[in-house]
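Data block below; observations after.
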Protein chains: 2
Amino acid sequence: MPRKVTLADVAAAAGVSKMTASRAMRGAKDVSQKNLDKVRKAAQDIGYVGNHVAASLSNNRSDLIGVVVPSLSNIVFSEVMSGIERAIDGTGFQPVFGVTDYDTEKEYDIVRRMLSWRPAGLIVTGLDQSDATLRLLQEDSLPVVQIMDTDGTPVDVSVGFSQDNAAEEMAKALVASGRRRIGYVGCNLDQDTRAARRRIRFAQTLEELGHPLIGEEIADGMSSVAAGRWLTSALLERHPDLDCIYYSNDDMAAGGLFHCMGNNIKVPEKVVLAGFNGLDLLTSLPAPIATTRTPRDQIGRRAAEAILDRLNRTERDGPTVIELAPEIRLP
Amino acid sequence: MPRKVTLADVAAAAGVSKMTASRAMRGAKDVSQKNLDKVRKAAQDIGYVGNHVAASLSNNRSDLIGVVVPSLSNIVFSEVMSGIERAIDGTGFQPVFGVTDYDTEKEYDIVRRMLSWRPAGLIVTGLDQSDATLRLLQEDSLPVVQIMDTDGTPVDVSVGFSQDNAAEEMAKALVASGRRRIGYVGCNLDQDTRAARRRIRFAQTLEELGHPLIGEEIADGMSSVAAGRWLTSALLERHPDLDCIYYSNDDMAAGGLFHCMGNNIKVPEKVVLAGFNGLDLLTSLPAPIATTRTPRDQIGRRAAEAILDRLNRTERDGPTVIELAPEIRLP
DNA sequence: CCAGAAACTGGTATCGGTACCAGTTCTACG
DNA sequence: CGTAGAACTGGTACCGATACCAGTTTCTGG
């Protein structure tokens, strides 16, 4: 293997010192136009690609921004990641993604590993990290943004919305629209703590309004359209007189819709289905589904911006919450 | 900010040299059990997290594996990424994702930047990189895997399937099942070269079979369920007598189905819809849709494995193609 | 035409690890 | 009990960049 081209090679080729070459390759400050051109040309000629590892070690900080999400298969996080990507794009920073699969242990390992790359900042999902993970995040004074969830106190900054409020609002809206016999369908509540939280608050609110949940179907494993379909089937078998079902998310609700369509159950006349997230998919379905439209792209964008902001200050200035209210849509 | 804990601190706390501490912290070879314990304890006590940057610089190679995909919003790539993630998990390597948005320039920048992190290997999407990008990939002798596409010669290894064959097979299968008046609906063909390739081969094959395409609707912008829905509407308006539509992918086909359901067009009796990818979503839809089930998870897994394999050899041993045949499903 | 400032240049130390090699301490065996 | 070899330990020289500072050149105004 032909040894990698280094800055020293570029400097030699350009007939200048390593330092001048170094300065020329990044901001062209304090370098004469003549040398700047020579160095650029030399770099081009010999195919210099640089070495971020050395650069990062040298100034004790990389231009990486770590992003930790629980899942890739959930399109919600894809959209958040896209938002982050777009906001970072062009700033010279680079996102690095890690996936926890909703596993707290794994989250700890990932955060730890990311920290060992001395990132410029970290974006993690939720406020419910393990104590060990929180300790890691706290000890360092690097910018940390916790996204999706604002029901709690962040380590540094949180960007998202209150899952509790979102569920409460939906419960109120459904009852206000005349629904009385309401059921619940969800998946993966052991791990998806946000979904679990919504379910609890939803049920509570219904209770307070005097129309408690009639029944629910909950399954383990990842949520999916398929799971939504068969859980709905099961729920409606036990409670054929439901006039509304609240789902842990849109995919599940879509599955519910497909069940209804296959069984001649009118949606939303006979039964209103309510999902969560407001995926684009919903607007194309043959029947309208209620949902809470969450600002995913914005969460990503604001989270990235918060990191970039923080990089200008030296210290954290106390927990900051950036609330991005979701919007309810009824059929 | 309290200066970061370094290996020297650990060594001091444990009362050993930096070298012994270093050895203890990774494979415990050539370190006495006594010192191993001392070092581990010291590291634990003072909260040592390590510094991959320094380690990577030292041995001139990081444990990063760069993964370049065109899009995050396409679930296909999410699944490929999941496959990669799972295969890498536990090996000590770490994936770093980059998104090109189907932009060749951006792809070049991303590959370049990734190379500057001296990754252990690189996984990129497709075989159609720009010349500049290919040069980058060629010059280095690091493991490179090009995924999704095997219609061409890879730089090093390619893992995927032939888009051409896949389209041809579907055309043959649809005609064999009795379909004669066939249309096409697609999106984003300028950028998604794989989808474009399928369209061309599909049309060619139909021609050869004596039943050429009756009509097609093509739009710019990302593919989506919504786009599928309105393009189908437009196509069927112009050609109400179609008995089959081939889509650029499953999402589009799902949109087509929703249009048909909303307009009392029987699927698949009156018109067969054929997507591409075989997303799980399809199995839950109220009507069956034909598709080509692509082995996305496997592509990810095999790609990662190929990288790990390569790391054991020193040199590349000529272009290698790993073909993972997709499977056709008719309604 | 010269002093002083501004613009530019390059040497050296350093970032936090690891490879390599030269000791030093054990251990086992004749 | 001596010694060869294994097991272990630590010093030193990097890896490839950048910060800092000192030195040199160029420019400016009086």
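Order of the sequence lines fixes the chain letters, A, B, ..., with proteins taken first and strands second; residue numbering starts at 1 for each chain.
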Show the distances under 3.5 angstrom between N or O atoms of the protein and N or O atoms of nucleotides 23-27 of chain D.
none

Inset, instruction - If the plane angle is over 60° it's perpendicular, under 30° parallel, otherwise tilted; pick one for A:W117 and B:H52. - result: parallel

Legend entry - Parallel, tilted or perpendicular: rings of B:Y102 and B:F77 (30°, 60°): perpendicular

Inset, instruction - Rounded to the nearest angstrom, tell me the gap between atom NZ in B:K4 and atom P in C:dG17. - result: 10 Å

Inset, instruction - Run the numbers on B:D45 and B:K41 for salt bridge (Lys or Arg N to Asp or Glu O under 4.0 Å), then give the verdict. - result: CA-CA 6 Å; B:D45 286 351; B:K41 181 164 183 322; 2.7 Å; yes

Legend entry - Atom pair distance, as rounded to whole Å: OH in A:Y48 and P in D:dG16: 10 Å

Inset, instruction - Using the side chain to side chain contact (heavy atoms under 4.5 Å, CB included) rule, take B:T125 and B:R194 through it: C-alpha gap first, then chi angles, then the decisive distance, then the call. - result: CA-CA 10 Å; B:T125 305; B:R194 281 171 292 285; 3.3 Å; yes

Legend entry - Contacts of type side-chain hydrogen bond (donor to acceptor under 3.5 Å, both in side chains), residue A:Q44, not counting sequence neighbours: none

Inset, instruction - Output, in order, the C-alpha distance, side-chain angles, deciding distance and verdict of side chain to side chain donor-acceptor pair (under 3.5 Å) for A:S22 and A:R26. - result: CA-CA 7 Å; A:S22 170; A:R26 35 204 172 112; 2.8 Å; yes

Legend entry - Base-paired stems that DNA chain C participates in, counting runs of 3 or more Watson-Crick or G-U pairs under 3.5 Å: C:1-30 with D:1-30

Inset, instruction - Mark up nucleotides 7-13 of chain D, 5' to 3', with B wherever a protein heavy atom is under 4.0 angstrom from a base atom, S wherever such an atom reaches only the sugar-phosphate, and - elsewhere. - result: -SBBB--

Legend entry - Test item: A:D9 side-chain N/O and A:T6 main-chain N/O as donor-acceptor pair under 3.5 Å: yes

Inset, instruction - Using only heavy-atom distances, determine whether the side chains of A:T193 and A:D128 contain a donor-acceptor pair under 3.5 Å. - result: yes

Inset, instruction - Mark yes when over 12 heavy atoms from residues, nucleotides or ligands other than A:E323 sit less than 6.0 Å from its CD; otherwise mark no. - result: yes

Legend entry - Residues in side-chain hydrogen bond (donor to acceptor under 3.5 Å, both in side chains) contact with A:N60, at least two apart in sequence or another chain: none

Legend entry - Validation row: A:V99, B:D89 side chains within 4.5 angstrom (heavy atoms): no

Legend entry - Basic-acidic side-chain contact under 4.0 Å: A:R197, A:D149: no

Inset, instruction - Apply side chain to side chain contact (heavy atoms under 4.5 Å, CB included) to B:L115 and B:L122, showing your working. - result: CA-CA 8 Å; B:L115 283 177; B:L122 227 43; 4.0 Å; yes

Legend entry - Rounded interatomic separation in angstrom, taking NE2 from A:H52 and C1' from D:dC15: 17 Å

Inset, instruction - Calculate the interatomic distance between A:R118 atom CZ and D:dA17 atom C1'; express it in whole Å. - result: 17 Å

Legend entry - Within residues 53-64 of chain A: residues closer than 4.0 Å to DNA chain D (heavy atoms): A:A54, A:A55, A:L57, A:S58

